[in-house]
Amino acid sequence: RRPANLLKVRPVEDASSAKSVWERGQAAHPPHNVCVIGAGHVGVPHAIVLAKKCPAVQVTVIDDDARKIAGWNSTLLPFYEPSLQETLEDVRGTNLTFSCDFERAVRQADVIFVSVSTPVKDTGVGAGFAPDCLHWESVARRIAQAAQGPKIIVERSTVPVKTAEAMAKVLSFNTMHKMTVLSNPEFAREGAAMMDQASPERVLIGGDESLEATMAVEALVSLYAKWVPQERIIVSDTWSAELSKLAANAFLAQRVSSINAISALCEKTGADVSEVGYAIGVDSRIGRKGITASVGFGGACFETHLRNLVYLCRKARLPQVADYWHSVIKMNDWQKRRFANNVVASMFNTVSGKRLAVLGVSYKKNTSDTRYSATWDMCKALLSERAQLAVYDPRVSREAVALGLSTCEGAETLVKIEQDAYIACSGAHAAIIMTDWDEFVRLDYQQIFDSMAKPAFIFDGRNLLDHDYLRKIGFQVFGIGKPVTEVKGLSDMDVSDHAANEDMPAVLKAALIDGKQIGGYGL
């Protein structure tokens, strides 16, 4: 479908008098009360910006987790996001509140944004790929019980295609009031969520062509029209909106895995993946974004949404399509496994008893989110080799790190969580860069080199640092897709071959079979 300003959702006899959704949305009065269900990474940034841009609208964020709500009502916020705290303080207590009172918030709301999680199922049909919609169905039933009038219910978090239809069916069987379900998927990036909410590249609203859905879409457009330009609001059918989010993340993840596949070839041939990526990116059909080689992608979005897409394709009896998208996951898992193997192979085939500084736990910079972070895979592999880890991240709490490694055998005695990068590197045989924090670029690496055991290694999983400068200091440097420096006892091809061989060492392969993740970590 076309942008909202061009879309006529209801045909009329006199086409010249027809109004677009945009025009109707601008003319409509925006809802006075908005409820956001779910105080997490999807719900809260959206609620804060909505309250900031629409001061006449009362926004209430609700969650069953009383500790999380208490955090949002304090100065110690549940997670970090740049500029979130400053914007929050402008609206909290005026037209933005946080509460655990589900029934009251639903009763008062005109529009309900549902931003609850849909994790991958651990057991049962589709385990490891199918989304667990338990929270969605539970929320739908609770809304039906609490509502005392018609409501507009908006999907925000990523859900399987036709979830809106299923949600509408549950609601229709449990309440006599009219419930209109729309899809409005979240496209904001963690680490830049506040900026993306304030100036989104697009706002996608999906709804069917019934009169009720048309009016609901207009009401939602009236909210976003307060700060989003007309050409950035897109209206589609519900199913297309739901699938668009899955497809967007799949395409982004595919680009990461594609350049990481090339990085492995670069290490074999002596090519530089940064130069290859630049040459590729100047092609306007490809572009520069998303083709930076790394240890692998992380975060809940790419991993879970790819797995959901694989499940959806298999369910639709499209095995070739499912295998194609599954290969993106397999490449990402292989890249993490390859990097872990490279660390062991480069350090004379053993890291047992050696102190290794792991710099970065969050899956990307400017966030405290550690879900599906490549750091967990790296730590699990190194702990299986009995390495002694000194872990540091500028934003991830000690409790989150301890919880993330709690399932690893020996973590209690082999892992130290440091509050400073210099302390983490002191006495270490290697520093492993796992997150692209700007802080790591500004470190004094001469001081770090002087404090480390020799030979001192740096494994740059983000190609973040100046490798030539580090080599002049005296470091043995290994990046992703970069020419490999020679280490005494191992030739260049020895290291590369060893790192690419999934059977060497076997214990690493066993530790990372099928990219299995550590459960119960993060905030």
Side-chain angles (χ1 to χ4, degrees), residues 40-42 44-45 68 71 76-85 117 119 186 188-196 249 252-253 256 290 292-305 332 335-336 339-340 356-382 389-408 411 415-421 423-425 431-443 459-465 480 515 517-523:
H41 290 272
V42 175
V44 171
K68 189 179 292 186
L76 187 61
L77 305 185
F79 60 80
Y80 171 75
E81 187 73 38
S83 77
L84 184 147
Q85 185 159 6
S117 63
E186 176 62 78
R189 302 161 295 169
E190 285 192 44
M194 298 303 291
M195 179 177 66
D196 289 347
N249 279 339
L252 292 170
V256 176
T292 301
S294 69
V295 65
F297 61 75
C301 291
F302 285 5
E303 182 81 21
T304 58
H305 298 167
N332 191 56
Q335 180 77 345
K336 291 184 286 187
F339 189 64
L356 307 179
V358 178
L359 303 183
V361 178
S362 60
Y363 80 92
K364 61 186 288 189
K365 69 177 182 179
N366 294 333
T367 181
S368 58
D369 192 353
T370 64
R371 291 173 295 177
Y372 289 94
S373 172
T375 302
W376 301 131
D377 298 87
M378 173 60 73
C379 290
K380 186 174 183 179
L382 295 178
L389 305 184
V391 182
Y392 167 73
D393 189 285
R395 288 290 178 179
V396 178
S397 68
R398 295 177 60 90
E399 293 77 15
V401 176
L403 184 61
L405 296 175
S406 61
T407 59
C408 296
V415 177
K416 289 186 178 180
I417 304 169
E418 305 290 2
Q419 296 299 309
D420 182 270
I423 297 175
C425 292
I432 306 171
I433 309 295
M434 295 299 297
T435 308
D436 53 339
W437 285 105
D438 294 337
E439 173 184 324
F440 298 154
V441 179
R442 299 190 295 265
L443 294 174
F459 298 92
D460 189 354
R462 299 290 174 176
N463 289 341
L464 186 67
L465 308 178
I480 300 290
Q517 301 291 333
I518 301 172
Y521 50 77
L523 291 177

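In this text the structure is predicted, and so the values were computed from the model without any measurement.
Glu439 approaches Pro394 most closely through the heavy-atom pair OE1-CB, 3.3 Å. What you find for Tyr372 and Ala300 is that their closest heavy atoms are CD1-CA, 3.9 Å. When all heavy atoms of Leu465 and Phe440 are compared, the closest pair comes out as CD2-O, 3.6 Å. Taking all atoms of both residues into account, the shortest heavy-atom contact from Pro45 to Phe79 is CD-CZ, 4.4 Å. Looking at every heavy atom in both residues, Lys68 comes nearest to Pro78 through O-CG, 3.7 Å. The minimum heavy-atom distance linking Trp437 with Thr367 is given by the pair CZ2-O, 3.4 Å.
Not counting sequence neighbours, Arg398 has no partner by the salt bridge (Lys or Arg N to Asp or Glu O under 4.0 Å) test. Applying the side chain to side chain donor-acceptor pair (under 3.5 Å) rule to Thr375 yields the partners Ser373; only residues at least two apart in sequence or on another chain are considered. A search for side chain to side chain donor-acceptor pair (under 3.5 Å) contacts involving Gln85 returns nothing, not counting sequence neighbours. Take Asp436 and apply the salt bridge (Lys or Arg N to Asp or Glu O under 4.0 Å) test, not counting sequence neighbours, and it matches no residue. Shown here are the side chain to side chain contact (heavy atoms under 4.5 Å, CB included) partners of Ala390, two or more places apart in sequence or in another chain: Arg355, Glu418, Ala424. Residues meeting the side chain to side chain contact (heavy atoms under 4.5 Å, CB included) test with Ala192, sequence neighbours left out: Arg189, Met195, Asp196. For Asn332, there are no side chain to side chain donor-acceptor pair (under 3.5 Å) partners, not counting sequence neighbours. Every side chain to side chain contact (heavy atoms under 4.5 Å, CB included) that Leu252 has, sequence neighbours left out, goes to Asn249, Phe302. Remark: Ala293 pairs with Ile259, Asn260, Ser263, Val273, Asn463, Ile480 by the side chain to side chain contact (heavy atoms under 4.5 Å, CB included) rule, at least two apart or across chains. Among residues two or more places apart in sequence or in another chain, the side chain to side chain donor-acceptor pair (under 3.5 Å) test is passed with Tyr363 by none. Partners of Asp438 according to the salt bridge (Lys or Arg N to Asp or Glu O under 4.0 Å) rule, which considers only residues two or more places apart in sequence or in another chain, are Lys365. Residues passing the salt bridge (Lys or Arg N to Asp or Glu O under 4.0 Å) test with Glu186, sequence neighbours excluded: Arg156.
The distance from the CG atom of Leu359 to the CG atom of Asp393 is 9.5 Å, given to the nearest 0.5 Å. Taken from CD in Glu81 to CD in Glu190, the straight-line distance is 6.5 Å, to the nearest 0.5 Å. One distance of note links OG of Ser397 with CD1 of Ile417; it measures 8.5 Å at 0.5 Å rounding. Considering CG of Leu443 and CG of Asp420, their distance stands at 8.5 Å, rounded to 0.5 Å. Taking OG of Ser294 as the reference point, atom NZ of Lys364 lies at 11.5 Å (rounded to 0.5 Å). Residue Asp369 holds its CG atom at 4.0 Å from NE2 of His41, rounded to the nearest 0.5 Å.
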Next item on the list: Step by step, work out the side chain to side chain contact (heavy atoms under 4.5 Å, CB included) result for Val396 and Thr435.
Entry: CA-CA 11 Å; Val396 178; Thr435 308; over 6 Å; no
Item checked: Evaluation steps, side chain to side chain contact (heavy atoms under 4.5 Å, CB included), between Tyr392 and Ile423 -> CA-CA 9 Å; Tyr392 167 73; Ile423 297 175; over 6 Å; no
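Residues Cys379 and Leu389 have side chains in contact (heavy-atom distance under 4.5 Å, counting atoms from C-beta outward). No side-chain heavy atom of Phe339 sits under 4.5 Å from any side-chain heavy atom of Asp377. Side-chain contact between Val295 and Gln335 is absent, with no heavy atoms from C-beta onward closer than 4.5 Å.
When atom types are taken as modelled, the side chain of Thr370 and the backbone of Val361 share no donor-acceptor pair closer than 3.5 angstrom.
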